[in-house]
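Read through the structure below, which is laid out as structure tokens, and then see the notes.
Note on naming: letters A, B, ... go to the chains in the order of the sequence lines (proteins, then strands), and numbering restarts at 1 for each one.
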Amino acid sequence: MAEVKAVEKEVKIEEVLEPSLDKELRIKRKKVVDPGFDETIKRLTPEKIEKTINAVLNLRKTAARFLAPLETCIHCALCSDACQYYISHDKDPTYSPASKLRLTLWEMIRRKGKVSPEFIKQCARIAFTECNICHRCSMYCPFGLDITYQIGMVRRILFLLGVVPHNILDQDNSQSATLTQLWISQADWIDTIQWLEDETRLEYKNLRLPIEKEGAEVMWAPLGTEPKIATYHVVRTAIIMNVAGIDWTVPSRDGWDSVNMAMFIRDFETMQRVVLGLYENCLRLKVKRLVLTE
Amino acid sequence: MFATRYVAPPMLGWKDIPVEILHPCEFYYELLKEGKIKIARKIKEPVTLQDPCNFVRRAGGAEKLRYLVNATCENFIEMYPNREHNFCCLAGGGVVAFGPPWKGVRMEGGRIKAEQLKETGAKILVTPCHNCYTGMSHIIEHYNLGMKAKFMDEIITETMEIPEELKA
């Protein structure tokens, strides 16, 4: 492999992340300040944590999907070599997918949800910032254990406890309130589409960016970032659609933003509302296909 | 795409999705195959391709991406590992949306990605996903890899033929 060097030389200060934890649960990491972790754990009580974990795991009824991986994993480390964080950190075993589970979900199961707020904070660090939910480890597991799903459920517990990176929680709140990622109002959205059409027509004659065209073949649903900060994506899509002669449209009502930040933090309720908004627009406009942006 | 096409519909209690859903690259693939858009000039610089986890590992679109890149670029170098074995861009899973506090952690984790990119010697990196685009641009900048990330729609609009009636 080619050798690479980072441009800025950062001072590496690593220390035990949560010294109050039991010895076998301590991991060394750089300190990062995020109010989504540091402030939210102050509101947690042992009762609330126990109740939330047991509600999600439901160890009496639907335990098999959580217990089976715990009892099946033989720590063969095939998932370790699949993880980019593990490889990039010189094969530090605390970055291995199996140990990410051992340090989070499996410990919650062993203790039947009786864990401390500090432990929850460390779980948040591991499940949110050291895993991309990329499914690479699940793909290599010889037993077919879906490690990624398990990490996702840790995220679900953390979301219900409110311990979520501040930045993405804001975007999730925005989706919950406006169905868009970045607090974009309906008026802003329509206005953006209209001025983009106007401007692009200076370079491309008769180009159309049709809003609310009932019965069109294709409805296009961009990401919230596109009309907000990366308008060139809207322009490029419009050019491609016009060159190809596609009968297309964008909806005017909320439910045009196809990004799903709620899915990433496992806010399943908001996630479904966002998706439902997209489908409702498709059915209302009677389009045949929905083209997304990623 | 992942939530809309795969995760949410069963949760909503639906047997199937009510309308057909396409990733833009599936859509561009169709347009190129059917000849609705034509490529006028191919990109000459060496390019490589990032496989987005959602579209490639979960939706199996690897070969469609390769068709698009080969149709628009002359010199396509595969990174290794590739297709469904490719590493994540380190921005997926919402990690890029955790914002500036976590960028350092993300960049450290991206060392293997940077090595993988440098090995190809490519000048342009084609990324078909927003997360990948942002994540990879940061990695390229952080490790000074001397290449440029370009979005798939940018590659297509740069190379395709614009019909006379659209030219202003």
Sort [X] into side chain, backbone, both or neither according to what part of it lies under 4.5 angstrom from a heavy atom of chain A.
X      : value
B:L145 : side chain
B:L12  : both
B:E30  : side chain
B:N131 : both
B:P163 : side chain
B:M160 : side chain
B:I156 : side chain
B:F55  : neither
B:E165 : backbone
B:Y80  : backbone

Is [X] close to chain B through its backbone or its side chain, or both, or neither, when contacts mean heavy atoms under 4.5 Å?
X      : answer
A:L278 : side chain
A:R29  : neither
A:Q171 : side chain
A:H233 : both
A:I240 : both
A:R266 : neither
A:A82  : backbone
A:Q181 : neither
A:V291 : both
A:V218 : side chain
A:Y204 : both
A:N260 : side chain
A:I239 : both
A:I246 : side chain

Just so I understand: if I count every heavy-atom pair under 4.5 Å between each of [options] and chain A, which residue has the most?
options                       : answer
B:N144, B:I162, B:I21, B:I17  : B:I21
B:P9, B:A114, B:P18           : B:P18
B:F98, B:F151, B:W14, B:Y143  : B:F98
B:G109, B:G35, B:C132, B:P100 : B:G109
B:P101, B:A8, B:P128, B:A97   : B:A97
B:L117, B:L31, B:L166         : B:L166

For A:K28, I'd like to know if atom NZ has over 12 heavy atoms of other residues, nucleotides or ligands within 6.0 Å. no

Count the heavy-atom pairs under 4.5 Å between each of [options] and chain B, then report the option with the highest count.
options                        : result
A:T237, A:L207, A:V259, A:L223 : A:L223
A:V275, A:I133, A:L283         : A:V275
A:V243, A:V274, A:V235         : A:V243
A:Y95, A:Y140, A:W220          : A:Y140
A:E130, A:M261, A:M219, A:E203 : A:E203

Kindly indicate whether the side chain of [X], heavy atoms from C-beta on, has any atom under 4.5 Å from the side chain of [Y].
X      : Y      : result
B:I112 : A:Y85  : no
B:F27  : A:M241 : yes
A:T129 : B:V95  : no
B:P81  : A:R136 : yes

Between [atom1] on residue [X] and [atom2] on residue [Y], distance to nearest 0.5 Å:
X      : Y      : atom1 : atom2 : answer
B:T4   : A:L290 : OG1   : CG    : 7.5 Å
B:Y133 : A:T225 : OH    : OG1   : 12.0 Å
A:H89  : B:E108 : NE2   : CD    : 4.5 Å
A:S138 : B:R58  : OG    : CZ    : 7.5 Å
B:M107 : A:S88  : CE    : OG    : 10.5 Å
B:T157 : A:Y232 : OG1   : OH    : 12.0 Å

Go through it in stages, so that I can follow the logic: the residues are B:E154 and A:R236, the test is salt bridge (charged side-chain N to carboxylate O under 4.0 Å, His left out), and I'd like the CA-CA distance, side-chain angles, deciding distance and then a yes or no. CA-CA 7 Å; B:E154 191 178 356; A:R236 286 177 199 150; 3.7 Å; yes

Apply side chain to side chain contact (heavy atoms under 4.5 Å, CB included) to B:H130 and A:T293, showing your working. CA-CA 8 Å; B:H130 277 259; A:T293 198; 3.9 Å; yes

Do you know the tightest heavy-atom contact between [X] and [Y]?
X      : Y      : value
A:C134 : B:R57  : O-NE, 2.6 Å
B:H85  : A:M139 : ND1-CE, 3.5 Å
B:G94  : A:I168 : O-CD1, 3.8 Å

Indicate the ring-plane relationship of A:F37 and B:W102, choosing parallel, tilted or perpendicular according to the 30° and 60° boundaries. tilted

Take the angle between the ring planes of B:F2 and A:H135 and call it parallel below 30°, perpendicular above 60°, tilted in between. perpendicular

Checking the side chain of [X] only, and the main-chain atoms of [Y] only, is there a donor and an acceptor separated by less than 3.5 Å?
X      : Y     : value
A:Q84  : B:F87 : no
A:K288 : B:E20 : no
A:N132 : B:G93 : no

Please evaluate residues B:E26 and A:R289 with respect to the criterion salt bridge (charged side-chain N to carboxylate O under 4.0 Å, His left out), reporting the C-alpha separation (whole Å), side-chain torsions for both, the decisive distance (0.1 Å), and the verdict. CA-CA 12 Å; B:E26 289 173 298; A:R289 324 171 88 183; over 6 Å; no

